[in-house]
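Below: the structure, in structure tokens.
Everything quoted here is computed from the prediction, not taken from an experiment. Residue numbers begin at 1 in each chain, while the letters A, B, ... track the order of the sequences.
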Amino acid sequence: MRGFLAPLKSSRSSSVFNHFRKVIKFPYSSQTNQSFQQRTFFKSNNRDTTLVCNHKRFEETIHIFCQQNRLKEALQILQQIDKPSVSIYSTLIQSCLRSRALQQGKVVHQHIKLSGFVPGLFILNRLLEMYAKCDSLVDAQNLFDEMPDRDLCSWNVLISGYAKMGLLQQAKNLFDKMPDRDNFSWTAMISGYVRHERPNEALELFRMMKRLDNSKSNKFTVSSVLAAAAAVPCLRIGKEIHGYIMRTGLDSDEVVWSALSDMYGKCGSIEEARHIFDKMMDRDIVTWTTMIDRYFQDGKRKEGFDLFADLLRSRIKPNEFTFAGVLNACADQSSEELGKKFHGYMTRVGLDPFPFAASALVHMYSKCGNTVSAERVFKRMPRPDLVSWTSLIAGFAQNGQPDEALWYFELLIKSGTQPDHITFVGVLSACAHAGLVDKGLEYFHSIIEQYGLTHTADHYACIIDLLARSGRFKEAENIINKMSVKPDKFLWASLLGGCRIHGNLKLAERAAEALFEIECENPATYVTLANIYATAGMWTEVAKIRKTMDERGVVKKPGLSWIEIKREVHVFLAGDNSHPKSKEINEFLGKLSKKMKEEGFVPDTKLVLHDVEEEQKEQNLSYHSEKVAVAFGIISTPEGTPIKVFKNLRTCVDCHNAFKFISKIANRKIIVRDSNRFHYFEDGSCSCRDYW
DNA sequence: AAATCTGCAC
């Protein structure tokens with residue numbers, strides 16, 4: 001580069017020029033040619049230097065433009081050269097491949113054909129790869145068929161291109177036809193299966209490979225096959241491969257170790273994964289991120305954050321994937337303060353506009369109930385992708401801002417982006433939150449009619465939720481009876497919930513029966529059904545359900561609520577008085593209850609089985625966990641501060657009503673996020689129009 | 001001269 005930029009000595013340059021003048025076409029007059037040189041050669045060098053135009057320099061210019069991804073300019077210069085060398089073509093094709101520029105790649109291919117250059121296998125394979133990677137398999141296939149000679153590489157490039165696109169059958173056909181196979185062929189085929197979620201076929205192929213020719217496996221093959229074992233997931237097979245790796249001495253590569261650790265993590269053996277992680281000599285950011293995320297997915301938040309802290313102390317820099325995982329963990333426990341800290345860090349290192357990281361930020365702020373910040377992050381994104389749009393829409397929907405959610409959806413459509421099935425989950429739940437049944441139905445039908453997508457089980461669950469909540473059971477049943485996919489547990493649970501609100505006993509029994517078949521261990525189904533019977537005064541049935549629960553050993557999960565105050569998370573369990581301020585909280589709640597009764601609050605006594613907590617309440621002053629958390633929030637923050645509380649289960653009806661009164665009496669905005677939605681209470685009313 | 005491990009939205 002430096003040599004190229006340095007001016008040539010004039011005496012030498014003229015002879016070089018003469019040497020090449022025969023093979024260079026000059027479409028410009030000498031005057032224009034002069035300015036052309038300066039324009040192309042010295043973009044990055046302001047020195048006014050006299051240069052001689054020669055073949056070599058044209059080629060070097062092309063190399064530089066390719067390095068800078070300035071394909072258009074490189075192609076312009078290509079037109080000036082009569083007989084480009086192999087390396088020029090190779091550089092150009094590689095550059096097209098890198099920027100996935102199919103059209104420019106075709107121009108180069110055309111140039112090769114017209115220039116009379118007879119491409120060797122090297123160039124042809126490059127072209128083949130370019131077509132395969134630009135997803136233009138028709139061109140790749142045509143070229144492959146035209147090729148007079150093919151080597152292993154040609155086959156492999158085509159196979160790995162076919163396999164990556166998901167055309168596994170075609171790839172397999174090619175693979176079977178191959179005269180000879182090397183480890184590239186095997187790896188391409190195996191990783192194709194893994195990538196398209198067919199791990200068992202990948203493992204089968206690996207077994208076949210071991211049987212036919214053991215020497216063909218290398219670090220790439222075993223990494224792929226470990227990913228297959230992780231995807232099943234099957235610890236036994238994973239351990240077998242681990243043994244194989246040790247026997248064959250393939251354990252010297254970092255990526256293999258990384259895949260190994262990942263396999264153990266995914267197969268549920270996190271200690272073993274950490275053990276391998278600790279033994280690794282040279283951990284890269286992928287390894288770190290994998291390990292940290294594994295902890296989070298295992299519900300081990302503390303270990304995850306601790307490891308992240310270790311990472312920040314190391315010399316390895318976290319990337320946007322790392323932050324996406326960590327922010328997701330913040331979102332799960334709604335730690336806005338912690339999330340903000342990471343946001344600040346991301347801004348400092350310049351990671352915040354990356355789509356992956358920005359979407360995670362939008363998600364985190366939404367899950368913490370801060371749609372203002374979520375929207376701000378979104379608006380700052382240079383080019384928001386579909387995931388960011390969907391995060392924002394879903395965030396507004398969950399936060400009781402359906403108008404904003406639908407407004408952003410319309411904006412998304414106007415921007416020309418095609419929504420996907422997940423976007424519509426957000427849209428439909430926004431309609432549910434707003435009680436917009438007909439609008440919801442309209443969107444539901446538009447999924448197929450306007451957007452050419454198919455209805456997923458999630459869409460059906462959403463629309464049944466919407467119809468059942470508003471008591472439109474006939475329509476709900478009609479949809480269920482002619483659904484294109486099997487109704488899942490979320491759909492039945494929505495229907496059951498709707499039946500509870502409207503006291504539809506017959507349909508409730510159908511829903512509960514279906515739920516018992518899918519997951520007989522979920523206590524929520526028993527409790528809801530019992531409550532429906534209780535409301536109808538059918539006490540024998542209630543007793544029967546209690547008995548069945550005992551027999552099957554079904555236990556209601558304990559309700560858990562938490563609140564973050566000054567970066568510290570306080571967790572409350574119903575009936576648990578271990579918090580240092582327990583006495584104060586109970587006193588406050590006692591006073592509050594009295595005041596609430598005066599204001600006309602009637603505790604809901606019909607719901608006998610909804611909670612055991614309920615029954616004990618009057619006797620020992622043990623309150624629902626979310627009530628305790630709210631009370632603690634009120635007494636530990638200055639007047640006027642909004643209270644944000646989170647619960648692992650769904651908020652109970654009684655508390656939902658109580659919070660309306662509390663928001664008025666204490667003059668506080670109360671925000672409760674339960675397992676699946678937000679509830680906003682202000683001055684005696686709640687924003688959720690869909691709740692109970 | 002081609003490839004292997006992480007991964008945001010419901």
Can you list, in residue-number order, the parts of residues 404-414 of chain A that come under 4.0 Å of DNA chain B, counting heavy atoms only? none
Pair A/Arg274 + A/Asp278, salt bridge at N-O below 4.0 Å: yes
Hey, does A/Asn156 reach any base, or is it just sugar-phosphate, or nothing, if we go heavy atoms under 4.0 Å? base
Is A/Glu410 atom CD crowded by more than 12 heavy atoms from other residues, nucleotides or ligands, each under 6.0 Å away? yes
Kindly assign one of parallel, tilted or perpendicular to the pair A/Tyr408 and A/Phe396, based on the angle between their ring planes and the thresholds 30° and 60°. parallel
A cation-pi test, strictly: NZ or CZ of A/Arg126 under 6.0 Å from the centre of the six-membered ring of A/Tyr89 and no more than 45 degrees from its axis. Yes or no? no
Name the nucleic acid region contacted by A/Ser224, choosing base, sugar-phosphate or nothing; use a 4.0 angstrom heavy-atom cut-off, strictly under. sugar-phosphate
What's A/Arg283 touching, base or sugar-phosphate or nothing? Going by heavy atoms closer than 4.0 Å. nothing
Base, sugar-phosphate alone, or nothing: which one does A/Val157 contact when heavy atoms must sit under 4.0 Å apart? nothing
If you measure only the distance, is there a donor-acceptor pair under 3.5 Å linking the side chains of A/Ser185 and A/Asn156? yes
With a non-hydrogen cut-off below 4.0 angstrom, is A/Thr290 in contact with a base, only sugar-phosphate, or nothing? sugar-phosphate
Regarding A/Asp282 and A/Arg315, does a basic nitrogen lie under 4.0 Å from an acidic carboxylate oxygen? yes
Taking all atoms of both residues into account, what is the closest heavy-atom pair of A/Pro84 and A/Ile88, and its distance? CB-CG2, 4.0 Å
Reading DNA chain B 5' to 3', which nucleotide is the first, and which the last, to come under 4.0 Å of any heavy atom in chain A? B/dA1 to B/dC10
Just call it for A/Asn328: base, sugar-phosphate, or nothing, with non-hydrogen atoms closer than 4.0 Å on any strand. sugar-phosphate
Just to be sure I understand the rule, does A/Ser391 reach a base, reach only the sugar-phosphate, or reach nothing, if contact means heavy atoms closer than 4.0 Å? sugar-phosphate
Describe, in one word, how the ring planes of A/Phe323 and A/Phe308 are oriented to each other, choosing from parallel (under 30°), tilted (30 to 60°) and perpendicular (over 60°). perpendicular
Give a yes or no on whether a salt bridge exists between A/Asp135 and A/Lys164, defined as a side-chain N under 4.0 angstrom from a carboxylate O. no
Classify A/Ala188 by what it touches in the nucleic acid, base, sugar-phosphate, or nothing, heavy-atom distance under 4.0 Å. nothing
